[in-house]
S.K.: 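Mind looking over this structure? Questions follow.
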Number of protein chains: 2
Amino acid sequence: MLAAWIRIKYPHLVEGSIAASAPVFWFPSTAVPEDIFDNIVTRSFVSFGCNSDNIAAAWSALEQFASSEQGRSHLNSLFKLEQKSFLQTPEDVQFLKAFIRESFESMAMVNYPYPTEFLAPLPGWPVKVACGYFNSTGQRTAEEHATSLYSIVNLYYNFTGERETLCVNPDVCDDSAYGALGDPLGWPWQACTEMVMQLCGSGPPNDFFWKDCPFTIEGVIEGCEQQFGKIGYTKQLTRPDWAILNYGSYYPSASNIIFSNGYLDPWSGGGWSLKPQTIGSLVSIIIEDGAHHYDLRGSHPDDTEAVKEARKLERIYIGKWIHEAQKRFKKMHKHPRRNTKSFRR
Amino acid sequence: MLAAWIRIKYPHLVEGSIAASAPVFWFPSTAVPEDIFDNIVTRSFVSFGCNSDNIAAAWSALEQFASSEQGRSHLNSLFKLEQKSFLQTPEDVQFLKAFIRESFESMAMVNYPYPTEFLAPLPGWPVKVACGYFNSTGQRTAEEHATSLYSIVNLYYNFTGERETLCVNPDVCDDSAYGALGDPLGWPWQACTEMVMQLCGSGPPNDFFWKDCPFTIEGVIEGCEQQFGKIGYTKQLTRPDWAILNYGSYYPSASNIIFSNGYLDPWSGGGWSLKPQTIGSLVSIIIEDGAHHYDLRGSHPDDTEAVKEARKLERIYIGKWIHEAQKRFKKMHKHPRRNTKSFRR
């Protein structure tokens, strides 16, 4: 987003931008649907062979287990939970479900064709690997559903096999799907202040999660007060309209920006365009098998044709921007003028 | 300038701008010649019948008078100076010359075809009236030269005939050609901080003043320290590059801005374009007989054809911007989408 925004505000300083996977319109005052993130997560998993009914059914299986003490004890053991994050009441299933949901969502983001370590160490096409646990079409027992969910969590958090336990209750744990991004409170603080993005699930058929829509600013503020109240957060710091007020929800004057998005990247839902198109010198590239900013990664022997094509286009545009800039500099230096005489008519 | 700049930075909030007489490029890092202001002042007076040789010669006459005590006494009486601003040394002629120069410069700015009171009460075409004092072609005495200069000062400062004396030494006087703009320190403070504009005279043939070029930032800072040092000014507050860094010295992405300039307005020298032209939806209008933002004034029976034509064009563009905005609003409201279902493919 910063790449797009600096070109928008300082086109005289920056010749052009590659805004890769930038959800520039993902703010409450825009038309970005609040449930599109999970819709695309679902699209990604289904396109790699997941049976979405299995996943939707798996949440019910968890609730079923969580409703009895024996079932909770089974989940605590199945998910190898640290004792401090044990499920102790039926309601505790909520934090377990949220924790698993984050694995799905994060894996869709980093679904690259070769092993990476961006958010967590993962195999190539991790979504495809995960879908191995969810592709059966026959009847499944609650036990099988729960085990599949454990498998995906274990894949995301423990691909290297080094972890013996998981901590899933955010009130007492530090584990986070985005821990590798650095300060674990960095993004949550942004999301509480200037990066307020409407995100929630609608459940089937939109997505294979459960309905927690509608998204509300009041809900955001409540969560932020809980999380950051003690370090000085007040609701005045939540400015859901700031980004759109400052940068716009449409760009009547922008130029020389490539908005590239992966068709399988959940963040693409808030992108400049959902389809390939060119308006003036604003260009949308959709990478058919791409996850989150796949085109920004270094080249790799296992790269897909789609990303190679996208990068090739980007190089052509960058070359064009540089060429235009050089032409302008040359022209400028041919006609310096420091006093009126040199151009008086 | 603010009109152009708000459209440049917030095109999603402002559909278009009429930037009338905006010297948007008049900052040290640009190619705007430092001596163009006085060149256009001269152009304006000459085009209304002034003999520029007479004016150039008149400064010498003043210096001649100022070199003797008797001559200074004559000037003090001729210019009806308040005692506290009497010329007392030969060097004092400098502040008198600067004071007169401001009358020329200001009159060029407000040279409208009908009586106005923008900077001072003045008759219609004040430059033409002033040139009545400077249009002779025969030999003139020092006395006649000095009297002509007094006449122009008296015209600018005393058109209503109410003033009996003038105060011309800025160190002890409050009189200012720009007093009517409000706070007399407002513009000087701007000029000391973010509105640093390269301005100086080259003398003939560029202009009918005298050579005080080159303009230097050091010179600006020195003057500002003198004027504002006691209220906290320090040279760090002078940011000659700020405006261009923030807004640019060219607009690769701007749209829907009309830059109108009077051909006789000294400020036009720093305008977006010195000639009529259209680049994309940026439009330059040059009003052939126009002074400073003449087109922004209300209509008047004595309006010239050139300004009527300019305003007509401006109305057409404003209409076009509104029409485009209405089209966009209509389209937006036809396709609201709040959940993914409404546009899922």
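All values below come from the heavy atoms of this structure, side chains included, with hydrogens, waters and symmetry mates left out. In what follows, chains carry the letters A, B, and so on, assigned in the order in which the sequence lines appear, proteins first and then strands, with residues in each chain numbered from 1.
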S.K.: Of the backbone (N, CA, C, O) and the side chain (C-beta and beyond), which part of I40(B) lies under 4.5 Å from a heavy atom of chain A, both, or neither?
M.R.: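 I40(B) has no heavy atom closer than 4.5 Å to chain A.
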S.K.: Could you check whether the rings of F104(B) and F134(B) sit parallel, tilted or perpendicular, using 30° and 60° as the cut-offs?
M.R.: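 F104(B) and F134(B): tilted rings.
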S.K.: Considering only heavy atoms, which portion of N246(A) lies under 4.5 Å from any heavy atom of chain B: side chain, backbone, both, or neither?
M.R.: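 It is both, since atoms from each part get that close.
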S.K.: If we only count heavy atoms from C-beta on, is the P23(B) to M1(B) side-chain gap below 4.5 Å?
M.R.: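 Counting from C-beta outward, P23(B) and M1(B) do come under 4.5 Å.
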S.K.: Which atoms of E15(A) come close to chain B, meaning under 4.5 Å heavy atom to heavy atom: side chain ones, backbone ones, both, or neither?
M.R.: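 The side chain, not the backbone.
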S.K.: Thinking salt bridges, do D38(A) and R101(A) make one under a 4.0 Å N-O criterion?
M.R.: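 Result for this pair is yes, salt bridge flagged.
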S.K.: Would you call the rings of W267(A) and F37(A) parallel, tilted or perpendicular, where under 30° means parallel and over 60° means perpendicular?
M.R.: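 Perpendicular.
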S.K.: So, R328(B) and E324(B), do they make that salt bridge, N to O below 4.0 Å?
M.R.: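 No.
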S.K.: Go through the atoms of Y251(A) and report whether side chain, backbone, both or neither lie under 4.5 Å from a heavy atom of chain B.
M.R.: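 Neither; nothing under 4.5 Å.
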S.K.: Taking salt bridge (charged side-chain N to carboxylate O under 4.0 Å, His left out) as the cut-off, I'd like each qualifying pair that reaches into residues 261-271 of chain B, sequence neighbours left out, listed once.
M.R.: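 Checked against salt bridge (charged side-chain N to carboxylate O under 4.0 Å, His left out) - neighbours excluded - no pair reaches residues 261-271 of chain B.
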S.K.: Just checking Y250(B) against W272(B), ring centres under 6.0 Å apart?
M.R.: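 Centroid distance Y250(B)-W272(B): not below 6.0 Å, so no.
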S.K.: Which of residues 44-57 of chain A have a heavy atom under 4.5 Å from any heavy atom of chain B?
M.R.: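 Answer by number: none.
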S.K.: Are side-chain heavy atoms of D207(B) and S202(B) found at a separation under 4.5 Å?
M.R.: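 When only atoms from C-beta onward are counted, S202(B) and D207(B) do touch, with a gap below 4.5 Å.
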